[in-house]
Amino acid sequence: MKFSIQVNEGPYQHQASDSAYQFTKAALEKGHECFRVFFYHDGVLNGTRLTTPPQDDRNIVKNWTDLAEEYDLDLVVCVAAAQRRGIVDDGEAERNGKDATNIAPRFRISGLGQLVEAAIQSDRLVVFGD
Amino acid sequence: MKFSIQVNEGPYQHQASDSAYQFTKAALEKGHECFRVFFYHDGVLNGTRLTTPPQDDRNIVKNWTDLAEEYDLDLVVCVAAAQRRGIVDDGEAERNGKDATNIAPRFRISGLGQLVEAAIQSDRLVVFGD
Amino acid sequence: MSDTKNFMFLNRRAPYGTIYAWESLEVVLIAAAFEQNVSLMFVDDGVYELTKGQDTTGIGMKNFSPTYRTLGDYEVRHMYVDKASLEARGLTADDLVQVEWEDWETEESVDNIVEVVDSDRVAELLEESDVVFSF
Amino acid sequence: MSDTKNFMFLNRRAPYGTIYAWESLEVVLIAAAFEQNVSLMFVDDGVYELTKGQDTTGIGMKNFSPTYRTLGDYEVRHMYVDKASLEARGLTADDLVQVEWEDWETEESVDNIVEVVDSDRVAELLEESDVVFSF
Amino acid sequence: MSDLHTVNKSPFEKNSLESCLRLSKAGSAILLYEDGVYGALKGTAVENMIASVVADKKVYVLGPDYKARGLDESRIIDGVEVVDYAGFVDLVEANDKVQAWV
Amino acid sequence: MSDLHTVNKSPFEKNSLESCLRLSKAGSAILLYEDGVYGALKGTAVENMIASVVADKKVYVLGPDYKARGLDESRIIDGVEVVDYAGFVDLVEANDKVQAWV
C-alpha cells in the first residue's frame, strides 16, 4: 500500500517526529511504499544538518537521512514554512540573499503542492503533530 | 526594577516569542532594566539569521535584534538546546565540525548557568512558553 | 493528475496563539488550486478562527481572518461548524464571518456556506471524506 | 554571587511526549551547582515524570528517569507531588521512584524526599518560593 | 503580598487555567493572555471558573490579545479588568513574583 | 468500513480524546499513542471515557509508548489491545483512512 506522512513538529521538543520516523520505518520494513514524507509547520526543522544532539541520544535528522538513503525516500520541506523558520538550501539562499545554508542531506525544499499531490496519489495520509 | 525573560518556544509556531518581545519592549519603555533574555527549548530557534518571513508579516528575529541594538539587551541562547536544534555560531561550528553558522546578530550562545544567574540577579523572572 | 478527492480540513485550534490555523489555510488554498473537492470543519477552539472583527494591530501579528471570507471564490463549497463547540463557547452563527459562494458557470449562488451541524453530522462528514488533514 | 534563593521547579508535563521534563531537569542540576535552595513540584501530568520502571528501548529515546533518583546527591532537598494530580491518575506514592538524601557533613539522612502534599500546601509552597521556573 | 499567575492557554483545550485556579492562593492576581483570554468570556461552559473566583482573586485579561481574537469587551465577565502590555509589566512589578502556568 | 482515529495527547492535559470519542462513529478504531496512552489506564478519573466505548469502538494502545512511561500492562482497561509500530501500520492499512486528533 502507498503511504504518505506529514510531520508538523520539529525534532526533540515533541515526540511527533520520532513517532513519524518509527511508523515510516515499520511501514517500509513491512514492504509498503512511502510516496513522500512532507515536513510542515515546525516540522521543517527536521531538515537541518546543523544539529549536534548528545552522544547518548538519538540523532533524529540523521535517522531521516539514513532512512531516505536506504529506501530512496522523498523528504520534502515546505518552502513557506522553511522561510519563516530559517531552513535554507542553495536556491533559497540565492533567492533570499542568505549567506549560509543548513539543509540536511536527502531533504529538499518545495511547495505545498507537494503535500496536496501526496494526499491525492497515496492510499493513506498519516499526520504526526502536537 | 530588574527583569529577566525566559522564552521556551521558537518564532511563529507559538505566540510565546511575540508575547515575550511585546512584554520586554513595554518594560524597557517604562524604564525598567532587562538583565537578560534567555532562550531555552525551541526558544533557541529565535536566534537564527536565516529566516525570511513574508513581507506583510512581522520579522520576529529582527525584532529581537533591533530591540537588543536599541537597549543593549543580552540575548542568550542555551548551548545544549541549540545543539539539539541546530543553532550554531563560529565557536560551535568549530567544536562540532559544522560547515556553516546561522546565529543572528546580537544573540550569543552560552550555558544554562546564564539562566540560573539571571534568576538570582533579577527581581523578576517572567517565563513565556507553550 | 485527473484524480479528484474529497478533502476535509479539520480545524481545532484557536488563531494567533499558534500558527496552525493560518498555515492550514495555506494548504486549503493550494488544494483548491489542484481542483480537489475541499471542505472545512471547525471543531473545538477551531470555531474561534471564524469570529468577526479580529483586530491584531495590538499584537503585531498579521490578521489572516479576511482570507476565510474569500474561500468561496476559491471554490470551497462547504465550511462546517460543530454546534456543540460553538455553544460551549457562548457563540452563535451571528458571531462568525459569512462566506459567499457562486458558481461562475451556472450562476448558482449561496449567501453563506458556513453551516452549523450537530455531532452526528460532524462524524458522518469526517468519515465520508477521502482525506482528513489535521494541523 | 553570594545570593541564595529558594528556587521552585514547577513540573506539569508528562515525559517523552515533549522534551520539557528532560530539559527542565538539566536546569535543576545547574541550579543545584550554583548552590541555590532547589525544590521540585510535580503537578498534573508532571507526576508521570516520577513513575518507576520507565523503559524507552521501544521508542528509541533516552530514558532520563534515573536522573531523578540521583537528585538527593545534588543537594535537592524537596520533591513535592500534588496529591489530587496523583489520585486523578490512579497512582499512589508506591508507583513513584524514591529519592534518598544525605547531608555529608551532619550525616543527617532521609530515606525518601518525595513527599505527597495537598492542594493548599502546593499553593503555599509555590508562594513561599523566591523564583518559580516553568517549562 | 501575593503572586501574579499567568495563563496563556484556552480553558477549553488545556487544563492550565483549572490548575492555576486550584493552586493559587486567595489574593493572587491572575492574567489571562494569548489563547487564555477565552476564559474571560461571559456565557461559556467554563464561565464559572472565572466568575467564581473574582471575589477572592483579581483577574486581568490582556486587551491586545483579546481584541485580536475578535471579541467585544462587553462580553468580559464582570470584575475582570482589561490591561495592555504596560499594564502587564505593572502587574509583574506590583506582585512578588510570577508563576507561569504554561 | 471505518476510520482509524489517532490520539497522542494525555486526556488529563488536553481535550483531544474527548473530541475524538464524541466525533467518531461506532465501529471506528482508536489508537492511543505518545502521551495519549495515559487514557488507557484503569483506575483513573477519566477511565470511563475509554471503558464506556470499548463495546462500540475498538481501542488500541501503542505498546512502546506505554512501556516508555513506566506503566504495567496489567493496568490497561479491559478490551483495549496493545500493538507495536508494525501493528500501527496494519491498522492504517486495514481502515479506510486516518483521522489524527492532534
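Below, chains carry the letters A, B, ... as their sequence lines are ordered, and counting in each starts from 1.
Between the CG atom of Leu50(A) and the CG atom of Asn96(B) there is a distance of 10.0 Å, given to the nearest 0.5 Å.
With a 4.5 Å cut-off on non-hydrogen atoms, Asp130(B) touches chain A through its side chain but not through its backbone. Residue Asn59(B): no heavy atom, backbone or side chain, is found under 4.5 Å from chain A.
Per-residue heavy-atom pair counts under 4.5 Å with chain A were compared for Asp57(B), Ile87(B), Asp99(B), and the maximum is reached by Asp99(B). Among Arg84(B), Glu9(B), Glu92(B), His41(B), the residue with the largest count of heavy-atom pairs under 4.5 Å with chain A is Arg84(B).
Residue Glu94(B) qualifies as open at atom CD: its count of foreign heavy atoms under 6.0 Å is 12 or below. Counting non-hydrogen atoms of other residues, nucleotides and ligands closer than 6.0 Å to NZ of Lys2(A) gives a total above 12.
Between the side chain of Lys98(A) and the backbone N or O of Thr51(B), at least one donor-acceptor pair lies under 3.5 Å. Remark: the backbone N or O of Asp42(A) is paired with a side-chain donor or acceptor of Gln13(B) at under 3.5 angstrom.
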